[in-house]
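Take a look at the structure set out below.
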Amino acid sequence: MIKGFTIIFVLLFIGDAISNLLNIPIPGNVIGMVLMTIVLKYKIIKLKDVKPVSDVLVKNLAFFFIPPGVGVIVYFNLIKSEFVPIVAAWVFSTLLVFAFVGKIQDRLSKRA
Amino acid sequence: MKEIVGNPIFSIALTFLVYFIAQKIYSKYNFMLFNPILVSIVTIIIILKVTGIDFHTYNKGGRFISFFLGPAVIALGVPLYMRFKEIKKEGGLSVIISVIIGSIVGILSAALTAKLLGASKEVVASIAPKSVTTPIAMGITEKIGGIPSLTAAIVVATGILGAVIGPAFLKLIGVKSKVAFGLAMGSASHGIGTARAFQEGELEGAVSSLAIGLNGIATAIITPIIFYLIYKL
């Protein structure tokens, strides 16, 4: 378990450092996710060393979103005053993304 | 009382307890509106409102939980690696095209809908990057003059909406491929949608993880351009 966490936090640190040094808007954790795929692909680290920890984190990913979600409480008044545009944009845009990505990829996957 | 709830352990224990119960309820009834994240957030908000505890106090402990979003995103690289060959075979480069189109559609539709219905510029900037993972979305919002913590809340709300209605909606519009399913879940509703995609299968979850990364990069580049075009033209 310590090995797994070490790998993950070292990759997160490297990702953050790259994000900072290159001054790009891609956060360190997304860069770290790509690095994780690369180090596994090139056998720099072994799958069995990281999998027990990554399984726990991936399985409980949604849980970590609870506190920022509760944060909506701070903006109740702002949301109330602009309720219709916020809710309409939120729902309509989410459905559109599902429709476009789902349908386009469905076509492209079948052709491949 | 203030000292007791001001202890970060209070909100950590509360969040775990509420989520634990919410998961039990979900596994018993399996009804999509009982999504454990949705139920947990609503329950905690009600508890805070009733007891008069403010978010700042709650977040003294809460931030220790959200801290793990960082390492959890790194961990998504593992299923991505395990399913890489399958994704490449079924989707190939086409996944990049789909995600970029999805990114443009998502930003444009969110920003235009909000603006046409009379939202302030700050709110439009806060809602435009709503489909990508929290740290990317907050960074984009900051750049274009929105409110980053409002974005964080909208991002979570988008994730929940996607996790709750996404699978049924994709089925309704006739999306059949697993790659397309996962890609849409990750593109529209980032990590929370990805957690839901993993419930369908590891391939769906891995593709969804890939979509988080691709959509994050695309949206970080495209949002400032679209925002500029909407407000300057």
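Lettering of chains follows the sequences in order, A, B, ..., and the numbering in each one begins at 1. What you are looking at is a predicted structure, and each value in this text was computed from that prediction instead of being measured.
With a 4.5 Å cut-off on non-hydrogen atoms, B/I136 touches chain A through its backbone and its side chain both. When heavy atoms are compared at a cutoff of 4.5 Å, A/F98 approaches chain B by way of both its backbone and its side chain. In this structure, the portions of A/L95 lying under 4.5 Å from any heavy atom of chain B include both its backbone and its side chain. The contact between B/I127 and chain A is made entirely by side chain atoms (from C-beta outward), counting heavy-atom distances below 4.5 Å. Neither the backbone nor the side chain of A/F83 comes within less than 4.5 Å of any heavy atom of chain B. For A/I38, no part lies near chain B; criterion is any non-hydrogen pair under 4.5 Å. Both the backbone and the side chain of B/F68 have a heavy atom closer than 4.5 Å to some heavy atom of chain A. Looking at A/V53, there are no atoms closer than 4.5 Å to chain B (heavy atoms on both sides), in backbone or side chain. Contact of B/L170 with chain A is made through the side chain alone, with heavy-atom distances under 4.5 Å. The contact between A/F92 and chain B is made entirely by side chain atoms (from C-beta outward), counting heavy-atom distances below 4.5 Å. Looking at B/V156, only its side chain comes within 4.5 Å of chain A, counting heavy atoms on both sides. Heavy-atom distances place both the backbone and the side chain of A/F64 under 4.5 Å from chain B. For a residue to count as touching a neighbouring chain, one of its non-hydrogen atoms must lie under 4.5 Å from one of that chain's; by this rule A/V74 touches chain B with the side chain only. Only the side chain of B/F84 comes within contact range of chain A, with at least one heavy atom under 4.5 Å from a heavy atom of that chain. When heavy atoms are compared at a cutoff of 4.5 Å, B/L172 does not approach chain A at all. Residue contact with chain A, scored on non-hydrogen atoms closer than 4.5 Å, involves the side chain of B/L48 exclusively. Using a 4.5 Å cut-off between heavy atoms, B/S120 touches chain A through backbone and side chain atoms alike. Residue contact with chain A, scored on non-hydrogen atoms closer than 4.5 Å, is absent for B/L112. Proximity to chain A is absent for every atom of B/H56, based on heavy atoms less than 4.5 angstrom apart. Residue A/F63 touches chain B through both its backbone and its side chain, counting heavy-atom pairs closer than 4.5 Å. Only the side chain of B/M82 comes within contact range of chain A, judged by heavy atoms closer than 4.5 Å. In this structure, the portion of B/K143 lying under 4.5 Å from any heavy atom of chain A is its side chain and not its backbone.
Contact of the B/Y81 side chain with the A/V50 side chain is not registered, since no non-hydrogen atoms from C-beta on lie closer than 4.5 Å. The shortest side-chain heavy-atom distance between A/V101 and B/I101 does not fall under the 4.5 Å cut-off. The shortest distance between side-chain heavy atoms of B/V155 and A/P68 does not fall below 4.5 Å. Side-chain contact between B/V123 and A/P85 is absent, with no heavy-atom pair separated by less than 4.5 Å.
Side-chain N or O atoms of A/S93 include one that pairs as donor or acceptor with a backbone N or O of B/G106 at under 3.5 Å.
Nearest approach of B/L150 to A/L78, heavy atoms of both residues: CD2-CD2, 3.6 Å.
Note that the NZ atom of A/K103 and the NZ atom of B/K176 stand 6.5 Å from one another [nearest 0.5 Å]. With rounding to the nearest 0.5 angstrom, the CD1 atom of B/I154 is 6.0 Å from the CD1 atom of A/I79. Rounding to the nearest 0.5 Å gives a distance of 10.0 Å between CG of A/L108 and CG of B/L183.
Ranked by heavy-atom pairs shorter than 4.5 Å toward chain B, the options A/G28, A/G69, A/G4, A/G15 are led by A/G69. Highest contact tally toward chain A, considering only B/E122, B/R63, B/K49, is held by B/K49 [criterion: heavy-atom pairs under 4.5 Å]. Contact count versus chain A (heavy atoms, under 4.5 Å) is highest, among B/A163, B/A114, B/A195, for B/A114.
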